[in-house]
K.L.:
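Got a structure here, written out as structure tokens. Questions coming.
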Amino acid sequence: MQEKIKLASLKNKPIGIFDSGFGGLTVMSAISKALPAENLIYFGDTAHVPYGSKSRDAVIKFSKDIAAFLLKNDIKLLVIACNTASAFALTALKKSLPVAVIGVIEPGAKAAVKNTKNRKIGIIGTEGTVSSASYLKAVKKISKARVFQQACPLFVPLVEEGWNKGEITQAVVKTYLTPLLKKNIDSLVLGCTHYPLLKDLLAKTAGKNVSLIDSATATANEVKEALLKKDLLSNAKKAALKFYVSDNPEKFKKIGSKFFCKKINKVKKICLEKM
Ligand code: DGL
């Protein structure tokens with residue numbers, strides 16, 4: 001009986017999700033759609049964004065501080081909803097945390113391998129993600145597919161400024177994708193949480209022979225499987241969604257609502273240094 005009560009309270013603990021800023025909200029949105037009964041806590045490290053051009057050590061430190069904050073909020077599982085943080089900090093967090101940790105890279109790599117017919121996969125991401133070669137390693141672990149990578153450092157600022165379409169963004173997209181398209185890829189992994197907002201332009205430029213792989217949905221499925229396996233799926237009647245940032249909550253509300261595809265009404269600023 002006591003065990004049953006303990007499991008019931010464990011089930012309704014929240015899932016912690018973090019990213020360097022807004023991008024991870026695309027992953028949170030996919031999790032919320034796949035698992036509407038789950039209580040979710042999101043942390044956007046808006047004081048340190050972008051992670052994509054930071055060093056491995058800096059990203060590991062930020063990630064550990066955020067994980068400590070989310071653990072204080074009694075999470076049952078942690079999702080690193082940022083490709084750069086998944087590339088640099090997944091191993092360190094898996095080793096040091098008492099809860100399961102899921103990153104976005106393995107789910108994205110698995111989805112690409114499942115999709116490719118000609119075994120030529122393109123990866124686009126931040127400089128950090130591409131230089132870590134994490135997608136490449138994740139694909140190599142499970143398949144003989146060839147992987148072609150391209151860092152797209154201008155995409156994040158364009159998306160943050162709301163430049164999701166227009167001539168300039170179109171020209172940047174074409175410049176970055178052309179070398180990959182010349183390799184005849186049939187699957188393109190959006191290896192950065194900001195890129196789903198460029199989906200229309202990316203799809204148009206890549207053409208109908210290339211499928212876009214968004215790791216948000218694949219990650220949400222992985223979260224579902226992990227909770228099912230541990231019998232930890234929530235049975236809450238109404239899920240609570242909470243949002244925290246390290247800077248500028250008002251900007252997060254405004255821009256974050258676009259990433260989350262739903263209005264975000266309440267965002268609290270947390271100073272991790274003071275915790
Ligand atoms: N969220 C980051 C990622 O998925 C992109 C933004 C950044 O550079 O911090 O890699």
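Just follow the structure's listing: the first ligand is 1, and inside any ligand the first atom is 1.
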K.L.:
Using the ring pair (Phe, Tyr, Trp, His ring centres under 6.0 Å) rule, take Y176 and F155 through it: C-alpha gap first, then chi angles, then the decisive distance, then the call.
P.N.:
CA-CA 10 Å; Y176 284 143; F155 281 178; 5.1 Å; yes

K.L.:
For G52, counting its heavy atoms only, list the atoms of ligand 1 lying under 4.0 Å from any of them.
P.N.:
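In order of number, 7 (C), 8 (O), 9 (O).
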
K.L.:
Could you tell me the residue and atom name of the protein heavy atom closest to atom 5 (C) of ligand 1, and the distance to it rounded to 0.1 Å?
P.N.:
C192 SG, 3.3 Å

K.L.:
Just by distance, with hydrogens left out, do S187 and S211 show a side-chain donor and acceptor under 3.5 Å apart?
P.N.:
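No, S211 and S187 have no side-chain donor paired with an acceptor closer than 3.5 Å.
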
K.L.:
Which ligand 1 atoms does S20 reach within 4.0 Å, using its non-hydrogen atoms?
P.N.:
1 (N), 2 (C), 6 (C), 7 (C), 9 (O)

K.L.:
Is the centre of the F22 ring less than 6.0 Å from the centre of the F260 ring?
P.N.:
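Judged by ring-centre distance (under 6.0 Å), F22 and F260 do not meet the cut-off.
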
K.L.:
Can you tell me how the ring of F243 sits relative to the ring of Y42, calling it parallel under 30°, perpendicular over 60° and tilted otherwise?
P.N.:
tilted

K.L.:
Give a yes-or-no answer on whether the side chains of T46 and N248 include a donor-acceptor pair shorter than 3.5 Å.
P.N.:
no

K.L.:
Is the closest side-chain donor-acceptor distance between N12 and N235 under 3.5 Å?
P.N.:
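A donor-acceptor contact under 3.5 Å links the two side chains.
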
K.L.:
Does one side chain, of D45 or Y51, offer a donor that lies under 3.5 Å from an acceptor on the other?
P.N.:
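There is such a pair (donor and acceptor under 3.5 Å, judged by atom type) between the side chains of D45 and Y51.
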
K.L.:
Can you tell me the protein heavy atom closest to atom 2 (C) of ligand 1 and the distance?
P.N.:
C82 SG, 3.5 Å

K.L.:
Quick one: does P50 get a heavy atom under 4.0 Å from ligand 1?
P.N.:
yes

K.L.:
Can you tell me which residue and heavy atom of the protein come closest to atom 1 (N) of ligand 1, and the distance to 0.1 Å?
P.N.:
D19 OD1, 2.7 Å

K.L.:
So, regarding S53 and ligand 1 (criterion: nitrogen or oxygen to nitrogen or oxygen, under 3.5 Å), is there a contact or not?
P.N.:
no

K.L.:
Identify, by atom number and element, the atoms of ligand 1 in contact range of Y51, meaning under 4.0 Å from any of its heavy atoms.
P.N.:
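By the 4.0 Å cutoff, the relevant atoms are 7 (C), 8 (O), 9 (O).
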
K.L.:
List the steps, then state whether salt bridge (Lys or Arg N to Asp or Glu O under 4.0 Å) holds for K61 with D65.
P.N.:
CA-CA 6 Å; K61 174 170 185 329; D65 290 349; 2.6 Å; yes

K.L.:
Give the atoms of ligand 1, by number and element, whose distance to some non-hydrogen atom of H194 is under 4.0 Å.
P.N.:
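Result: 5 (C), 6 (C).
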
K.L.:
Suppose we measure from atom 10 (O) of ligand 1 to each protein heavy atom; which comes out shortest, and what is that distance?
P.N.:
T84 OG1, 2.6 Å

K.L.:
Which ligand 1 atoms, with their elements, are less than 4.0 angstrom from a heavy-atom of T126?
P.N.:
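Close to T126: 5 (C), 8 (O), 10 (O).
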
